[in-house]
Amino acid sequence: MSEKDSFGIVGGDKRQIALAESLAGDGYRVYVYGFDLAGEIHGAVPADWKEGFDPCGTILLPLPVMASKGFLNAPYSGEKIPLDDSFAEKLRNKTVFGGKLRPVYATSAIWNAIEARDYSEREEFAVRNAISTAEGAIQTAMQVYAGTLHGSSCLVAGFGRIGKALSWMLRGLGADVTVSARRAADLAWIELYGYRAIHTEEIRGRYDLVFNTIPALVFPERVLEWMPSETILIDLASLPGGVDTKAAEKLGIRMIRALSLPGRVAPKAAGEIIKETVYNMMEEE
């Protein structure tokens with residue numbers, strides 16, 4: 001089997017474990033680096049990142065690539081893997097795919113000579129990931145809400161990909177759904193779909209469940225003061241999120257930060273999404 005038929009999975013969580021097993025199932029030779037604490041990964045060959053990635057033509061990095069400043073996102077590694085010149089040098093002459101790559105470029109000037117592409121910026125990835133995120137948000141709500149989603153009053157803040165998927169699923173479960181947006185066009189689409197529409201700057205009212213998808217401070221103290229203390233607020237936005245957590249705690253509002261839901265609640269599906277996106281990108285090349 002040639003180098004072109006080999007993948008290296010370097011770091012990551014359960015998504016990358018599922019990705020490795022799926023690639024192996026497709027007949028590729030798969031090497032895994034940074035998974036010494038993960039147990040057996042079916043069809044994959046454990047390898048040491050310090051020895052380099054010579055057997056691999058294509059390298060798949062996790063989402064996000066960087067976990068803490070200067071280190072690879074590798075929760076199943078027994079040691080921290082530094083993102084430095086030595087690591088970047090190992091990627092020369094490889095085709096590299098990763099998620100949220102931009103912060104990594106600052107770790108070494110060698111990245112200027114590496115052919116790297118970000119699968120998380122692809123539209124098909126974002127849309128399919130939104131489905132897993134929405135399902136994970138509903139699962140989270142079912143675990144913490146004492147009532148049923150059927151008949152509950154729900155607010156979805158934001159009408160992007162996740163907001164669209166989540167609103168549609170909540171209504172399918174019989175929830176009374178209100179959706180917020182800022183753009184007039186989005187508000188028109190919200191009304192067309194049959195949801196209640198409100199401007200994000202005018203969020204008020206009583207809701208059983210509030211789902212935030214907007215990565216900006218949408219719920220400062222002045223907005224939270226309108227909510228009854230029994231409201232459950234689930235923040236899906238990337239850090240730092242969209243909720244004033246100190247104000248929520250002071251007001252007695254339960255706030256749950258639900259990040260990286262696809263990797264936590266549907267790692268197999270999340271791994272397939274990465275695989276299919278990378279396949280699409282390779283075909284285009």
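For reference, positions follow the sequence shown, starting with 1.
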When every non-hydrogen atom of Ile234 is compared with those of Ala258, the smallest separation belongs to CG2-CB, 4.0 Å
Roughly how far apart are Ile110 CD1 and Asp84 CG, rounded to 0.5 Å?
8.5 Å
Heavy atoms of Leu170 and Cys154 approach each other most closely as CD1-CB, 4.2 Å
Ring center gap for Phe97 and Tyr119 short of 6.0 angstrom
no
Work out which heavy atom in Lys100 is nearest to a heavy atom in Pro103; give both atom names and the distance.
O-CD, 3.4 Å
For the side chain of Thr231 and the backbone of Met227, is there at least one donor-acceptor N/O pair under 3.5 Å apart?
no
When rounded to the nearest 0.5 angstrom, what is the spacing between NZ in Lys80 and CG in Leu72?
12.0 Å
Is a side-chain N or O of Thr200 found less than 3.5 angstrom from the main chain of Ala181, in a donor-acceptor match?
yes
Ignoring hydrogens and geometry, is there a side-chain-to-backbone donor-acceptor pair from Asn112 to Ala109 under 3.5 Å?
yes
Do the side chain of Asp176 and the main chain of Ser152 share a donor and acceptor less than 3.5 angstrom apart?
no
Measure the shortest side-chain to side-chain distance between Ile9 and Tyr33 over non-hydrogen atoms and say whether it is less than 4.5 angstrom.
no
Do Glu201 and Arg182 meet the salt-bridge criterion of a basic N to acidic O distance under 4.0 Å?
yes
Donor-acceptor check, side chain of Ser229 to backbone of Gly252, threshold 3.5 angstrom: yes or no?
no
Please test Thr178 against Val156 for side-chain contact (heavy atoms from CB on, under 4.5 Å), starting from the C-alpha separation and ending with a verdict.
CA-CA 6 Å; Thr178 299; Val156 177; over 6 Å; no
Between atom CD of Glu123 and atom OG1 of Thr277, what is the distance when rounded to the nearest 0.5 Å?
11.0 Å
Would you call Arg254-Glu249 a salt bridge at under 4.0 Å N-O?
no
With the side chain counted from C-beta on, respond yes when Glu225 and Leu251 share a heavy-atom pair under 4.5 Å apart, and no when they do not.
yes
Let me check something: do Ile214 and Trp189 share a hydrophobic cluster, defined by ILVMFWY side-chain heavy atoms less than 4.5 Å apart, either directly or through other members?
no
Measuring only between side-chain heavy atoms, which start at C-beta, is Tyr31 closer than 4.5 Å to Ser6?
yes
What's the verdict on side-chain contact (heavy atoms from CB on, under 4.5 Å) for Leu60 and Val10, showing C-alpha distance, side-chain angles and the deciding distance?
CA-CA 6 Å; Leu60 303 182; Val10 185; over 6 Å; no
Determine yes or no for a side-chain-to-main-chain donor-acceptor pair under 3.5 angstrom, with Thr107 supplying the side chain and Val104 the backbone.
yes
If you group Ile, Leu, Val, Met, Phe, Trp and Tyr by side-chain heavy-atom gaps below 4.5 Å, do Val265 and Phe211 land in one group?
yes
Note, Phe159 side chain near Tyr195 side chain (heavy atom, < 4.5 Å):
yes
Could you grab the distance from atom CG of Leu61 to atom CG of Leu101, nearest 0.5 Å is fine?
6.5 Å
Applying the 4.5 Å side-chain criterion to the ILVMFWY set and letting contacts propagate, would Ile256 and Tyr207 be lumped into a single cluster?
no
Let me see the working for Val96 and Thr58 under side-chain contact (heavy atoms from CB on, under 4.5 Å), right down to the final yes or no.
CA-CA 6 Å; Val96 179; Thr58 302; over 6 Å; no
How close do Leu166 and Ala137 get, counting heavy atoms only, and between which atoms?
CD1-CB, 4.2 Å
For Trp111, I'd like to know if atom CH2 has over 12 heavy atoms of other residues, nucleotides or ligands within 6.0 Å.
yes
Do Leu63 and Ile17 sit in the same hydrophobic cluster, where Ile, Leu, Val, Met, Phe, Trp and Tyr count as joined when their side-chain heavy atoms come under 4.5 Å apart?
yes
Side chains of Ser120 and Asp118 only: does a donor on one sit below 3.5 Å from an acceptor on the other?
yes
State, without any angle test, whether Ser108 and Asp85 hold a side-chain donor-acceptor pair at a distance under 3.5 Å.
yes
Between Met255 and Leu261, is there shared hydrophobic-cluster membership here, with clusters defined by ILVMFWY side-chain heavy atoms closer than 4.5 Å?
no
Is a salt bridge present between Lys50 and Glu79, judged by a nitrogen-to-oxygen distance below 4.0 Å?
yes
Between Asn73 and Val65, is any pair of side-chain heavy atoms under 4.5 Å apart?
no
Find out whether the Lys NZ or Arg CZ of Lys90 is both under 6.0 angstrom from the six-membered ring centre of Phe53 and within 45° of the ring's axis.
no
What heavy-atom pair brings Arg257 and Pro240 nearest, and what distance separates the two atoms?
NH2-O, 3.1 Å
Thinking salt bridges, do Lys250 and Glu221 make one under a 4.0 Å N-O criterion?
yes
Check the orientation of Trp49 and Phe87. Use parallel for under 30°, tilted for 30 to 60°, and perpendicular for over 60°.
tilted
Less than 4.5 Å apart, any side-chain heavy atom of Ile274 and any of Phe125?
yes
Can Glu284 and Arg122 be said to form a salt bridge (charged side-chain N to carboxylate O under 4.0 Å, His left out), step by step?
CA-CA 13 Å; Glu284 292 173 5; Arg122 296 276 295 197; 2.8 Å; yes
Hey, what do you get for CD (Glu115) to NZ (Lys94), rounding to the nearest 0.5 Å?
12.5 Å
In plain terms, say whether Arg206 and Glu230 are close enough for a salt bridge, that is, a side-chain N and a carboxylate O under 4.0 Å apart.
yes
Qualifying side-chain hydrogen bond (donor to acceptor under 3.5 Å, both in side chains) pairs with a residue from residues 8-26, counting only residues at least two apart or across chains
Asp13-Arg15, Ser22-Glu272, Ser22-Lys275, Asp26-Lys275, Asp26-Tyr279
Shortest non-hydrogen separation from Pro75 to Gly12 and the atoms involved
CD-O, 3.3 Å
Is there a side-chain contact between Glu51 and Asp48 in this structure, where contact means two heavy atoms from C-beta onward sitting under 4.5 Å apart?
yes
For the atom pair CD1 (Ile114) and CD1 (Ile59), what is the distance rounded to the nearest 0.5 Å?
10.5 Å
Is there a side-chain contact between Leu173 and Ile138 (heavy atoms, below 4.5 Å)?
yes
Between Ile131 and Met169, does a side-chain contact (heavy atoms from CB on, under 4.5 Å) hold up when you go through it step by step?
CA-CA 9 Å; Ile131 296 170; Met169 291 181 188; 3.8 Å; yes
